[in-house]
Amino acid sequence: MALTPARTMPGVLELLPLDQIAFQGMLDTIRRNYERFGFLPVETPVMEFTDVLLTKSGGETERQVYFVQSTGSMEQGGKPDLALRFDLTVPLARYVAEHEHDLNFPFRRYQIQRVYRGERAQRGRFREFYQCDIDVIGKDFLSVRYDAEIPAIIHAVFSDLAIGPFTIQLNNRRLMRGWFEGLGIADGEMQMAVLREVDKLDKRGMDAVRATLCAEPFSLDATMVDRILEFVQLRSTSLADALAKLDALGSGGEVFEQGRSELREVLTTIKALGVPESDFALNLSIARGLDYYTGTVYETTLNEHPQIGSICSGGRYENLAGNYTKSSLPGVGISIGATRLFWQLREAGLIGKASSSVDVLVTQMDAGQFPAYLALAAELRAAGINTEVVMEASKLGKQFKYADRAGIRFVLVLGENELAKSTVMLKDLRAEEQIEVARTDLVATLKSRISQAGSSGANP
RNA sequence: GUGGGCGUAGCUCAGCUGGUUAGAGUCCCGGAUUGUGAUUCCGGUUGUCGGGGGUUCGAAUCCCCUCGCUCACCCCA
């Protein structure tokens, strides 16, 4: 009989338990920090009505949407009226519009869920992946101070994740648009197209971008392209440097000045929120492809791993839910692509082997003493220690091997020697040492060893 | 959606210009070791050579088709 191949579709990430523990640890850290900043949890269904999902964006996203249809509906020749969400922002817009009268504004929500995109599989690109979003939605108005709060949260998250030094890079769409207008590039589509090219500066290099902008369909003249490239190369090294460089840009039109004053306030407030100056910077080549961003935009990169690219990005948008309500709902938010982040950190060797969520394994030294092992486990569990008991008799060496492969660090042996002395043999598989502990001290000893093990080197 | 590359054990791969029974490492299982894992030694399991067709006395090897995977572009986490 032919077996069905056990396989998953490409573009999904499925993990072995120890990696799953590491991944969940990452999600926990993100969630903890989102909550620390006063964000409220929200979940929305993976499926939405297609008219909800596809209002805003035309061709490009529609190509990537998975439609959902019951077999019954399909057999009757119906068209799918459901689809899988491709991000968390569109469902948020629907959610806020639907519950507008029951929500408190400014509405601060976080959402950590999976989204789906029918893309061609590629290295580090997924069809199913986690997004970890925070957004603040205002009613009619939302202070630019919220734009400054976002980087403080990013800073807290990535400091806590302990994956090395990082830089939160900021720019402002208004500043860019105003500046382009000053150059004579007035058409909004054209501005966006140029921004998208400029955004690739770090990836494709100066000469490639210059060539693209000079050629069809841009056909910009060489001196203008040089001015653009010079402008977008601006990077700051400190708050004072950023403010000085903004001042040095000369005067411009109304939109330009608005963007500049927003950036000034955002940068100044970020510092006041306690984010070290080394960890954020002005970067005028940050554009973000998504066209709904209107003001501040963010992109965060790891200093020591530039090849990973952006690990967190977002920005400011006006009128989030314009397709669903007449109310004006401006917002600002970011998204961390946790699946991609985890995958890339693992590729870069920055994710250590996690320990099992099982703290200790009670071995079965002597099959006749099985009830004693169950009693020991019950005692440990009551003390809050995650405990597994070997239920089937086997050679002790095999039980140790099981613990080792499962990532369980501590093993208990209770044989006739120990029973006679009211002690337990405690072995630390990683430290390669074992000690004999009095039964009465066992819980305290284990707890202190477990907390020591947990606090040292989760990310080697 | 557009354009390149690759398909041989679960995994990483070798297999000469076509030649007999398709191989290595790793992994997994058992033993050496009936109170001690990761190291060492010994033994064992594993394949429609992606699929179909063609050329040939003979195809993993050459040709055609097809499927799968993969990289880049578009876009994005």
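Chain letters run A, B, ... following the sequence lines, proteins first and then strands; every chain starts at 1. A quick note: this is a predicted structure, and the numbers were derived from the prediction, not measured.
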Both E432(A) and Y130(A) contact RNA chain B. Taking the nearest nucleotide for each, which residue is further toward the 5' end?
E432(A)

When the ring planes of Y292(A) and Y317(A) are compared, do they come out parallel, tilted or perpendicular, using 30° and 60° as the limits?
perpendicular

Whole Å only: how far is the CZ atom of R125(A) from the P atom of U70(B)?
13 Å

Salt bridge or not for R210(A) and D226(A), using N-O below 4.0 Å?
yes

Could you run through nucleotides 30-35 of chain B and give me one letter per nucleotide, 5' to 3': B if any protein heavy atom sits under 4.0 Å from the base, S if only the sugar-phosphate is that close, - if neither?
S-S-SB

Rounded to the nearest 0.5 Å, what separates atom NZ in K421(A) from atom CG in L419(A)?
11.0 Å

Using the rule given for ring-ring contact (aromatic ring centres under 6.0 Å, His included), can you reason through F342(A) versus F23(A), listing the C-alpha separation, both sets of side-chain angles and the distance that settles it, and then say yes or no?
CA-CA 7 Å; F342(A) 180 81; F23(A) 181 64; 5.2 Å; yes

When the P atoms of U45(B) and G52(B) are considered, how many whole Å apart are they?
27 Å

Hey, what's the ring geometry for F107(A) with Y95(A), parallel, tilted or perpendicular (30° and 60° as the breaks)?
parallel

Taking only residues two or more places apart in sequence, or in another chain, which ones meet D81(A) in a salt bridge (charged side-chain N to carboxylate O under 4.0 Å, His left out)?
none

Tell me the stems RNA chain B sits in, counting at least three consecutive Watson-Crick or G-U wobble pairs, each under 3.5 Å on both distances.
B:1-7 with B:67-73, B:10-13 with B:23-26, B:28-32 with B:40-44, B:50-54 with B:62-66

OP1 or OP2 of C74(B) sitting under 4.0 Å from any side-chain N/O of K200(A)?
yes

What residues form a side chain to side chain donor-acceptor pair (under 3.5 Å) with T44(A), not counting sequence neighbours?
R85(A), Q111(A)

Separation between the C1' atoms of U48(B) and A59(B), rounded to whole Å
15 Å

Rounded distance (nearest 0.5 Å) linking atom CD1 of I112(A) with atom CD1 of I30(A)
6.0 Å

Separation of the C1' atoms in G19(B) and U61(B), to the nearest angstrom:
11 Å

Whole-Å P distance, U21(B) and C42(B):
30 Å

Which whole-number value in Å describes the distance from L429(A) CG to U36(B) P?
14 Å

N/O contacts under 3.5 Å, protein versus nucleotides 3-12 of chain B?
{"from": "G3(B)", "atom 1": "O6", "to": "R120(A)", "atom 2": "NH2", "distance (Å)": "3.3"}

Taking A77(B), C29(B), C69(B) as options, the one with an atom nearest any side-chain atom of P10(A) is C69(B)

Specify the separation, in whole Å, of atom CD of Q64(A) and atom P of C73(B).
15 Å

I'd like to know if the side chain of Q399(A) and the backbone of Q364(A) have a donor-acceptor N/O pair within less than 3.5 Å.
yes

P atom, A60(B) versus G68(B): distance in rounded Å?
24 Å

Between G11(A) and G337(A), name the one whose nearest nucleotide on RNA chain B is closer to the 5' end.
G11(A)

Between G47(B) and A24(B), how many Å separate the two P atoms, rounded to a whole number?
14 Å

Of the options C76(B), A38(B), C28(B), whose atoms approach the side-chain atoms of D404(A) most closely?
A38(B)

P atoms of U26(B) and U40(B), separation to the nearest Å:
9 Å

Are side-chain heavy atoms of R409(A) and I450(A) found at a separation under 4.5 Å?
no

R117(A) atom CZ is separated from G1(B) atom P, nearest whole Å, by 18 Å

Spatial distance of atom CE (M192(A)) from atom CZ (R177(A)) [nearest 0.5 Å]
10.0 Å

Is the aromatic ring of F129(A) within stacking range of A77(B), meaning centres under 5.5 angstrom and planes under 30 degrees?
yes

Interatomic distance where CD1 belongs to I134(A) and P belongs to A77(B) [whole Å]
15 Å

Quote, to the nearest angstrom, the P distance that separates U2(B) from G58(B).
40 Å

Checking all strands, does S313(A) fall into the base, sugar-phosphate, or nothing category for heavy-atom contacts under 4.0 angstrom?
sugar-phosphate

For RNA chain B, what residues of residues 26-39 of chain A have any heavy atom nearer than 4.0 Å?
none

I408(A) CD1 to A38(B) C1', in whole Å, measures 15 Å

Rounded to the nearest angstrom, tell me the gap between atom OH in Y292(A) and atom C1' in C75(B).
13 Å

Apply salt bridge (charged side-chain N to carboxylate O under 4.0 Å, His left out) to E262(A) and R316(A), showing your working.
CA-CA 11 Å; E262(A) 284 180 6; R316(A) 167 70 150 204; over 6 Å; no

Look only at the side chain of T339(A) and the backbone of Y130(A), and say whether a donor-acceptor pair between them is shorter than 3.5 Å.
yes

Would you indicate, yes or no, if C76(B) has its OP1 or OP2 atom less than 4.0 angstrom from a side-chain nitrogen or oxygen of R196(A)?
no

Whole angstrom is fine here: how far is it from CD in E197(A) over to P in C73(B)?
12 Å

